[in-house]
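Data first, discussion second: the structure below is written as structure tokens.
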Amino acid sequence: MNRVIKVARMQLINKGTFIGIPAMILVSTFLFTLVIWWLVRRNGAEGIMYGGGAQAPMWYFLALGIQALTLTFPFSMAMSISRRSFYLGTVALFSVCALVLSVFYYLMGLVEKATGGWGLDGRFFALQWVADNNWFIQIMFYFVLMLLLFMVGFLTATIYMRWRTTGMAVFFTLLGVLSLAVIALFTFNDLWDEFWGWALTWTAAGVTLWGGLAAVLMAGGSYLTLRRATA
């Protein structure tokens with residue numbers, strides 16, 4: 001446990017990576033959105049306005065998953081830190097950061113509702129599809145999405161650290177072939193209408209459940225790959 005904590009502290013040597021940059025992205029997108037909403041209102045627009053800027057920090061977490069491995073893994077190996085400790089410390093640190101940010105999203109959603117969408121009838125944090133659920137589902141929805149994006153980046157980085165350029169080329173080639181095969185299957189069998197009809201029935205709880213399962217599978221895959229990765 002001490003080594004896991006030390007890994008987390010090592011990752012936080014550059015606090016901007018895990019804390020500063022996500023905060024800067026969130027604040028800037030929020031302020032830009034408020035200005036845009038104000039301009040739209042000044043132009044006479046009516047009705048609820050929605051902004052998708054709250055997801056901007058989440059996409060940064062995909063890049064963070066790559067950085068968290070490639071920037072510190074070689075150093076941890078030089079410090080004789082085991083791969084298991086490095087993995088647990090890194091994932092634990094991100095999980096805490098994601099949970100804190102998820103709770104922040106939920107609380108800001110409450111403020112947003114109480115202020116009438118910041119006085120502009122806008123929805124930045126309290127998006128209806130998510131905000132209509134109870135507090136637990138809302139927090140877990142954001143947490144799972146952040147964790148899923150982080151694990152996508154982390155798994156990709158472990159593939160590179162294990163098999164280098166050749167592994168990345170094979171991985172993305174297979175991913176492209178699989179994507180084309182699925183698109184062809186749906187196109188030739190006229191399944192797109194059924195697919196979108198099914199996708200539109202998904203709830204925030206359903207996305208949270210299946211997203212969590214995908215994150216767990218990626219976490220397991222990244223750990224198994226990291227066990228044989230080299231710095």
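The figures here come from the full heavy-atom set of this structure, side chains too, leaving out hydrogens, waters and symmetry mates.
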Side-chain heavy atoms of L64 within contact of F150, under 4.5 Å: yes
Do any N or O atoms from the side chain of S85 and from the backbone of I81 form a donor-acceptor pair under 3.5 angstrom? no
Please round to the nearest 0.5 Å and tell me the distance separating atom CG of L217 and atom CG of L148. 10.5 Å
I need the minimum non-hydrogen distance between R123 and G117, along with the two atoms involved. NH1-CA, 4.0 Å
Could you tell me the separation between the CG atom of L174 and the OG atom of S179, rounded to the nearest 0.5 Å? 10.5 Å
Spell out, as yes or no, whether a donor-acceptor pair under 3.5 Å connects the side chain of N189 to the backbone of L185. yes
Close aromatic pair by centroid cut-off 6.0 Å: W196 and F186: no
Do R84 and V4 have side-chain heavy atoms sitting under 4.5 Å apart? no
Are R164 and Y160 in a cation-pi setup, meaning NZ or CZ lies under 6.0 angstrom from the ring centre and within 45 degrees of the ring axis? yes
Will you find, in the side chains of W198 and E194, an N or O donor that is under 3.5 Å from an N or O acceptor? no
Evaluate the criterion side chain to side chain contact (heavy atoms under 4.5 Å, CB included) for residue pair V7 and T72; output intermediate values, then yes/no. CA-CA 9 Å; V7 170; T72 56; over 6 Å; no
Inter-residue atom distance F154.CZ - T70.OG1, 0.5 Å rounding: 10.0 Å
With a 4.5 Å heavy-atom cut-off, do F172 and T156 have their side chains touching? yes
So do the side chains of R83 and M77 get within less than 4.5 Å of each other, counting heavy atoms only? yes
Might you work through the side chain to side chain contact (heavy atoms under 4.5 Å, CB included) test for R41 and D121, ending with a clear yes or no? CA-CA 10 Å; R41 289 299 185 210; D121 202 12; 3.3 Å; yes
Between T17 and Y60, is the side chain to side chain contact (heavy atoms under 4.5 Å, CB included) condition met? List the steps. CA-CA 10 Å; T17 302; Y60 165 74; 3.8 Å; yes
According to the interplanar angle, ranging from 0 to 90°, do the rings of W192 and F195 count as parallel (below 30°), tilted (30 to 60°) or perpendicular (above 60°)? perpendicular
Minimum heavy-atom distance L155-G221, with the two atoms named: CD1-C, 3.8 Å
Would you please test M218 and V152 for side chain to side chain contact (heavy atoms under 4.5 Å, CB included) and show each step? CA-CA 7 Å; M218 289 185 181; V152 168; 3.5 Å; yes
State whether the side chain of D132 and the backbone N or O of W129 hold a donor-acceptor pair below 3.5 Å, judged by distance alone. no
Please table the atom pairs, donor to acceptor, closer than 3.5 Å between any side-chain atom in residues 87-113 and protein atoms at least two apart or in another chain.
unit_1	atom_1	unit_2	atom_2	d
Y87	OH	A219	O	2.8
T90	OG1	Q11	NE2	3.0
T90	OG1	F86	O	2.8
S95	OG	V91	O	2.8
S102	OG	A98	O	2.7
S102	OG	F143	N	3.0
Y105	OH	A54	O	2.4
E112	OE1	F124	N	3.0
E112	OE1	F125	N	3.1
E112	OE1	A126	N	2.8
E112	OE2	W118	NE1	2.7
E112	OE2	F124	N	2.9
E112	OE2	F125	N	3.2
K113	NZ	A131	O	3.4

Looking at side-chain heavy atoms only, is the closest gap between W37 and L34 below 4.5 Å? yes
Report yes or no: does T187 contribute a side-chain atom to a donor-acceptor pair with the main-chain N or O of A184 at less than 3.5 Å? no
Decide yes or no for L226 and M161: does some side-chain heavy atom of the first lie under 4.5 Å from some side-chain heavy atom of the second? no
